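A quick write-up on the structure given underneath.
Keep in mind that what you see is a predicted model, and the values were worked out from it rather than measured. When a ligand or atom number is given, it counts from 1 through the structure's own listing order.
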Amino acid sequence: MAQHTITLIPGDGIGPEISHAMQRVVDATGVSIEWEIAEAGAHLLESEGTPLPQSTIDSIKRNKVAIKGPVTTPVGTGFRSINVALRKELDLYTNLRPAFSLEGTGTLYKDIDLVVVRENTEDLYAGVEFEEGSEGAKGLIEYCAEQGAGVIRPDSGISIKPISITGSRRIVKWAFEYALANGRKSVCAVHKANIQKHSDGLFLKVAREVAEEYEGRIEFEDRIVDACCMGLVLNPQQFDVLVLPNLYGDIVSDLCAGMVGGLGIAPGANIGEDYAVFEPVHGSAPKHAGKGIANPTALLLTASLMLAHLGERDAADRLVNAIRAVLKKGTQVTYDIKRTNTGSTDGSVSTEEYADAVIAEL
Ligand code: NAD
């Protein structure tokens, strides 16, 4: 019997191609996995009436762990992003985005090894918004004036930024627990508490309280988000685990991904108390779909995060080391890496050939 049953959502666009390659590589690590294939994507709209069928949500709830390829966000259909829907439905409050240098990927920086932990459920992403000119916006503007909270121009649109003690505590605790479990030394809380006193200020206050529980085990510091960005560009090696509210987390994690080579190699995960959905950062790259040339590295690194989450640390490490070896040699790499390294795609290999090269290094 398989040791683990995992929901695999291949997605659409390049998703099915890179998922197939990932499945082969993970199976080759020797970890015994039964893959339960579940569907999501715009292509289901006609047959199922939704891009995210209930059977897919049920499969994740049953298995607790899923790995997902990218899905195209249907435009103009009234459906919001499938990814946002999954995060809400499963309360996946942590977005985990490690960023580490891989030789052979044309990275600007060397020796980066940091982890971005982004809060996934609140902040300006809560979706509490008032359109300019609406009754809600007018009422809120009046209310703020009455309360002496400040003057808002009458022709303003308004987005609310809620940050709670509950949301802050659980994400900061998650970051510290991750640091402990993964041999990390420090956690840095990133905020703009000097300006946004009651939202970011609360996040920082809670972060300091949580940090006390880990005193002597994990170091703690905090940075204002703008200074943090400058520090990342000047000296990224100074950072270890960063924990951020949703919006700063979104921006800073992309900054970090860019510093280590970009979308084709950026892994990620959305994790909650009960469920975890592992997915690369990149999208469905529709223009490359069906050609068998997409780079599966981001999904392979994502799979290594999943293996570590499943307690298969040895396989996770072997997988990352195999990827490192193939990229370092640079001879059997996909078109995007080849182009970055040589300025031409000549001599690049297919998705499956790259997967074979990784398997040979396991
Ligand atoms: P994208 O990530 O699909 O593509 C951006 C660029 O990176 C393109 O040039 C693409 O060819 C390249 N690229 C991305 N992944 C690659 C890979 N593995 N190998 C080689 N090249 C790769 O971003 P986009 O074009 O903005 O989005 C396309 C669709 O994907 C949209 O519908 C978007 O909503 C969706 N999307 C989904 C997810 C997800 O499911 N998690 C994430 C982001 C975007």
Among all the protein's non-hydrogen atoms, which is closest to [atom], and how far away is it?
atom: atom 20 (C) of ligand 1; value: Tyr335 OH, 3.3 Å
atom: atom 37 (C) of ligand 1; value: Val71 O, 3.1 Å
atom: atom 32 (O) of ligand 1; value: Thr73 N, 3.0 Å
atom: atom 43 (C) of ligand 1; value: Gly283 CA, 3.5 Å
atom: atom 30 (O) of ligand 1; value: Ser284 N, 3.0 Å
atom: atom 7 (O) of ligand 1; value: Leu263 CD1, 4.0 Å
atom: atom 16 (C) of ligand 1; value: Ile14 CD1, 4.0 Å
atom: atom 39 (C) of ligand 1; value: Asn83 ND2, 3.1 Å

So, is Ala285 polar-close to ligand 1, with some N/O to N/O distance under 3.5 Å?
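Yes, since at least one N or O of Ala285 sits under 3.5 Å from an N or O of ligand 1.
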
Considering only heavy atoms, does [X] approach ligand 1 within less than 4.0 Å through its side chain, its backbone, both, or neither?
X: Thr72; result: both
X: Ala298; result: neither
X: Ile18; result: neither
X: Asn295; result: both

Hey, is [atom] touched by any protein heavy atom at less than 4.0 Å?
atom: atom 24 (P) of ligand 1; value: no
atom: atom 18 (N) of ligand 1; value: yes
atom: atom 12 (C) of ligand 1; value: no

Salt-bridge contact Glu273-Arg170 (side-chain N to carboxylate O under 4.0 Å)
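No, this pair does not count.
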
Strictly below 4.0 Å, N to O, side chains only: are Glu361 and Arg318 in salt-bridge contact?
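No, this pair does not count.
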
Taking all heavy atoms of [X] and all of [Y], pick out the closest pair and write down the distance.
X: Ala189; Y: Phe203; answer: CB-CE2, 4.2 Å
X: Val187; Y: Ala175; answer: CG2-O, 4.1 Å
X: Ile67; Y: Ala303; answer: CD1-CA, 3.7 Å
X: Tyr248; Y: Val190; answer: CD1-O, 4.2 Å

Which of the numbered atoms in ligand 1 are below 4.0 angstrom from a heavy atom of [X]?
X: His288; answer: 11 (O)
X: Lys287; answer: 9 (O)
X: Glu279; answer: 41 (N)
X: Pro286; answer: 28 (C)

Take atom NZ of Lys161 as the centre, draw a 6.0 Å sphere, and report whether it contains more than 12 heavy atoms from other residues, nucleotides or ligands.
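It does: Lys161 NZ has more than 12 such atoms within range.
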
Just wondering, are more than 12 heavy atoms of other shown residues or ligands nearer than 6.0 Å to CD in Glu177?
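Check passes, neighbour count above 12.
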
Begin from the C-alpha positions of Glu279 and Thr302 and carry the test side-chain hydrogen bond (donor to acceptor under 3.5 Å, both in side chains) through to its verdict.
CA-CA 6 Å; Glu279 61 175 343; Thr302 297; over 6 Å; no

Would Trp35 and Asp27 count as a side-chain contact (heavy atoms from CB on, under 4.5 Å) if you check the C-alpha gap in whole Å, the side-chain angles of each, and the deciding distance to 0.1 Å?
CA-CA 10 Å; Trp35 304 94; Asp27 285 342; 3.0 Å; yes

Test log, rule side-chain hydrogen bond (donor to acceptor under 3.5 Å, both in side chains), inputs Asn120 and Asn270:
CA-CA 8 Å; Asn120 233 354; Asn270 292 301; 2.8 Å; yes

With under 30° as parallel and over 60° as perpendicular, where do the rings of Tyr335 and His288 fit, or are they tilted in between?
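Aromatic pair Tyr335/His288 classed tilted.
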
Geometric cation-pi criterion, Arg118 with Tyr125: 6.0 Å, 45°
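Output yes; distance and angle both within limits.
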
Strictly under 4.0 Å, does any heavy atom of Val281 approach an atom of ligand 1?
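In this structure, Val281 qualifies as a contact of ligand 1 - some heavy atom is under 4.0 Å.
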
